[in-house]
Amino acid sequence: MGCGVSLPSLPRSVSIARSSTSIFKPKFHVLNGSVQEIRKEHVTLPHLHPKIQEIHNCLPQNLRQAPVRLVKASVILGWGNIKVFEELAKHEFTSIPYDEVSEEQWGSLIALSWRWNEPKRLDHTKGWSPMSSEQFQQLQKLVHHSQENSGIEFVWIDWCCVPQYGADPMGEIMRSRLYYARARVFAVLPTIHPDGYSSLFKSLLLQVVANLKGSAARSSSCKVNGEPLELF
């Protein structure tokens, strides 16, 4: 297979969900305020879309050997908010070269796409996070639910798993598009305000539903929040 593709530069959240719909034909539902792709069984790399396999095969050697950092799901349940990578303790995450991440590990992973509640600060501020407390509460519920129902052990979150200060994060961010395809669970967490879910979330959900409706004829299992798409 040739290497005529490059890693897609997709914007966060909406575009990722749209791309996943067309390539992976996922099934989504709404859980605790997040749009979550549910795969009853882990899909291994040889069974993913050929485009994903091609992107994987065309990764340059430096990105193949660069570590994938995964936060332990049990650790997140004990945090007060997500930590920046530079503040993680060694026992809170695992670090493995991309080529050495096993299918078992991909099959126990949540890959999170989320809308930052605040822009990144220029200088590292100890204890600061761009995730709101409301978003974090929903993340913890999602992690707990996935641990109980899908055997999730790890979570990939850009803020926690990509060095944010002192290194250029873009190489890892670009490679992360593969994580959304290979993880057992792909979740999208919107901006959440204390007075309710933002219009962004509503827009995102409508985008996902519209795309899923386009493939509903090919998949009778397409549902949102357990309800047939026709109800949306």
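Just so you know, residue 1 is the first one in the sequence shown, and it goes up from there. All figures in this text were calculated on a predicted structure; none of them were measured in a lab.
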Side chains of [X] and [Y] in contact at under 4.5 Å (non-hydrogen atoms):
| X | Y | result |
| --- | --- | --- |
| C161 | F154 | no |
| Q147 | S74 | yes |
| C160 | F93 | no |
| W116 | D158 | yes |
| V75 | L88 | no |
| V71 | W79 | yes |
| K83 | S129 | no |

Restricting to non-hydrogen atoms, name the atom on [X] and the atom on [Y] that form the minimum distance, rounded to 0.1 Å.
| X | Y | result |
| --- | --- | --- |
| P67 | R69 | CG-NH2, 3.5 Å |
| S108 | G151 | CB-O, 3.6 Å |
| V68 | Y179 | CG2-OH, 3.5 Å |
| V162 | W156 | CG2-CZ2, 3.7 Å |

Centroid separation Y98 to H56 less than 6.0 Å: yes
is_close_aromatic(W128, W159), centroid dist under 6.0 Å: yes
Any sub-3.5 Å donor-acceptor pair from [X]'s side-chain atoms to [Y]'s backbone N or O?
| X | Y | result |
| --- | --- | --- |
| E87 | G127 | yes |
| E153 | Q105 | no |
| Q140 | I76 | yes |
| N81 | F136 | no |
| S150 | I152 | no |
| R64 | N57 | yes |
| Q164 | H124 | no |
| Q65 | P97 | no |

Which value, rounded to the nearest 0.5 Å, describes the distance between [X] atom [atom1] and [Y] atom [atom2]?
| X | Y | atom1 | atom2 | value |
| --- | --- | --- | --- | --- |
| L70 | K72 | CG | NZ | 11.0 Å |
| E100 | S95 | CD | OG | 10.0 Å |
| L142 | Q135 | CG | CD | 12.5 Å |
| I55 | R175 | CD1 | CZ | 14.0 Å |
| L112 | Y180 | CG | OH | 7.0 Å |
| L109 | R182 | CG | CZ | 10.5 Å |

Partner residues of P119 under the side-chain contact (heavy atoms from CB on, under 4.5 Å) criterion, sequence neighbours left out: none
Derivation of the side chain to side chain contact (heavy atoms under 4.5 Å, CB included) call for L139 and W114: CA-CA 10 Å; L139 172 62; W114 62 293; over 6 Å; no
